[in-house]
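Heads up, the thing below is written out as C-alpha cells.
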Amino acid sequence: MSPTWPAGPRRVLVVGIDGVRLDLLPSLHTPHLDAVAEAGFLAGVQVDEATPTMSGPCWATVVTGVGVAKHGVFGNHFGGNRLDVFPDFTTRLAAVHRRRTFAAGGWEPLFLARSGGPLFAAPGRLSYIAPLEDTPEAWEVCDERVTSEAEYVLGRSDDDPQASFVYLGAVDETAHFLGCGEEYRRSVETADARLGRLLAAVRGRAAYAEEEWTVIVVTDHGHLDGGGHGGRTDLERTAWIAACGPGIVPGGPVLPLHHTDVAAHVYAALEIVPDPHWTLDGRPFTPAPEPVAAMA
C-alpha cells in the first residue's frame, strides 16, 4: 500500500473554463477572475506547436503536467492515450498520496469511459452531470448544476477535498454555435459568476481561517471570431492561466507559462515533491528574476 502523508492546511481548486478568449477579457465584467488576478496574476499561454488547439489534448496537458508526446491525447477522441502512465493530478494524488480529490463537469470524455476517456480516471469523488442536449442553453444548465454540486462538496468539512478540478463548458459551446459575439460574452460573464460562487463556498468553510488555498483558473484554447478552433492562428492558440495563493506574489512577474505548469503547481501548492519517474514537463508558477541593471 502506498504511504499516506498528512494533508495539512494546503488546498487547491482548479477551475477550467473552456474556450475563453484572452483578448476579450478586458472588456467583460469578470470581477471574480479579476480578483484572482489581483491577488496573484493572469497571464497568457500559447498552445505549443505539437498540440492541436482542441479541448481533449489541451485539458489532458493541463491536468497531467505532460505534453501530447507523453499523454497521447491528440484529439477529442482519447483513443490510444497513455493516461495510465501519466494520470491527471486528482487520480495521482488519490492513488499515490491518499489525498481526497474531487472532479466535476459535463463533457463525457473527461469523466466517462467514452470516446477513449476518461481523462479523470479515479479521483476520490467524481460528479458527472450531462447536458440534456448539445446546445448553448443546455450547457448553461449543465454548468449551473455542476457549480451547485461543486459548491456543496467544496463547502463541506467532512468531504474536504485537498485538490479539486471543476469544468465549465458552456462558453465553448456558445462560441461553436453562435460565434464570439454578445451571447458568447454573456456566457463568459456567467462563468465568472459561477467562479465567484465556488470561491464563496471555499471562503465559507468552517476551517477556512486555518487553511491555505491556491486557486487556479485556466482556459484551454481560444476561438475564431465566428466560433471554432483547431487551427494554428493566434486567436486559437492563445489561452491563459490566472492563479493566487501561497508563494504567488500579487502582481509579480512570472516566467513564461505553459499548460503543463498547472499540474506542477498543484503538487507544489500541496508541498509534494514530484517523483522524477513522473517526468513532468511543467514547473510551478515562479516569479521571474528581476532584471539586473547594466553596469555603468
Side-chain angles (χ1 to χ4, degrees), residues 13-36 53-56 58-59 62-63 76 102-112 114-115 117-120 126-155 164-202 215-230 235-236 239-240 242:
L13 169 63
V14 181
V15 181
I17 309 176
D18 204 307
V20 179
R21 277 179 40 173
L22 176 63
D23 64 312
L24 297 181
L25 285 177
S27 65
L28 301 180
H29 181 65
T30 55
H32 306 292
L33 180 60
D34 295 345
V36 172
T53 56
M54 301 174 70
S55 296
C58 290
W59 288 124
V62 167
V63 302
N76 287 343
F102 170 59
W107 188 37
E108 282 189 355
L110 297 186
F111 305 101
L112 299 183
R114 298 181 185 174
S115 300
L119 175 57
F120 292 93
L126 185 146
S127 296
Y128 169 70
I129 301 173
L132 296 179
E133 56 185 353
D134 198 24
T135 65
E137 296 80 9
W139 267 98
E140 292 290 359
V141 173
C142 172
D143 282 1
E144 183 67 18
R145 294 175 64 196
V146 167
T147 301
S148 295
E149 172 72 3
E151 283 181 290
Y152 174 75
V153 173
L154 291 168
S164 302
F165 182 93
V166 179
Y167 172 82
L168 302 177
V171 173
D172 183 67
E173 195 71 9
T174 300
H176 280 296
F177 274 78
L178 303 171
C180 295
E182 288 304 313
E183 296 90 345
Y184 174 83
R185 294 164 191 248
R186 282 197 297 271
S187 186
V188 174
E189 293 177 346
T190 300
D192 181 77
R194 292 179 177 130
L195 169 64
R197 288 165 51 193
L198 299 177
L199 298 178
V202 166
V215 175
I216 303 171
V217 190
V218 55
T219 201
D220 51 343
H221 53 69
H223 266 279
L224 299 172
D225 287 338
H229 53 88
L235 284 178
E236 294 164 282
W240 51 265

Next item on the list: Using the test side chain to side chain donor-acceptor pair (under 3.5 Å), find all partners of Ser55 that sit at least two apart in sequence or belong to another chain.
Entry: Asp18, Asp220, His221
Check: Which residues pass the salt bridge (Lys or Arg N to Asp or Glu O under 4.0 Å) test with Glu189, sequence neighbours left out?
Finding: none
Check: Can you list the residues that meet the side chain to side chain contact (heavy atoms under 4.5 Å, CB included) rule with Thr147, with sequence neighbours excluded?
Finding: Glu151, Leu168, Arg194, Arg197, Leu198
Margin query: Using the side chain to side chain donor-acceptor pair (under 3.5 Å) criterion, which residues pair with His32? Sequence neighbours excluded.
Written below: none
Notebook entry, point to check: Among all residues two or more places apart in sequence or in another chain, which pass the side chain to side chain contact (heavy atoms under 4.5 Å, CB included) test with Ile129?
Noted result: Arg145, Val146, Glu149
Checklist line | Under 3.5 Å: donor-acceptor pair, side chain of Thr53, backbone of Glu236 | finding: no
Checklist line | Working for side-chain contact (heavy atoms from CB on, under 4.5 Å), residues Tyr167 and Phe120 | finding: CA-CA 11 Å; Tyr167 172 82; Phe120 292 93; over 6 Å; no
Next item on the list: Check the pair Asp134 / Trp139 against side-chain contact (heavy atoms from CB on, under 4.5 Å), numbers first and verdict last.
Entry: CA-CA 7 Å; Asp134 198 24; Trp139 267 98; 3.3 Å; yes
Next item on the list: Can you run down the salt bridge (Lys or Arg N to Asp or Glu O under 4.0 Å) pairs that involve residues 19-32, sequence neighbours left out, and say none if there aren't any?
Entry: Arg21-Asp23, Arg21-Asp225
Checklist line | Residues Leu25, Val188; criterion side-chain contact (heavy atoms from CB on, under 4.5 Å); working and verdict | finding: CA-CA 9 Å; Leu25 285 177; Val188 174; 4.2 Å; yes
Notebook entry, point to check: Taking the six-membered ring for Trp, are His223 and Tyr184 parallel (under 30°), tilted (30 to 60°) or perpendicular (over 60°)?
Noted result: perpendicular
Note to self: Check whether Ser187 reaches the backbone of Glu183 with its side chain - one donor and one acceptor, N or O, closer than 3.5 Å.
What the structure shows: no
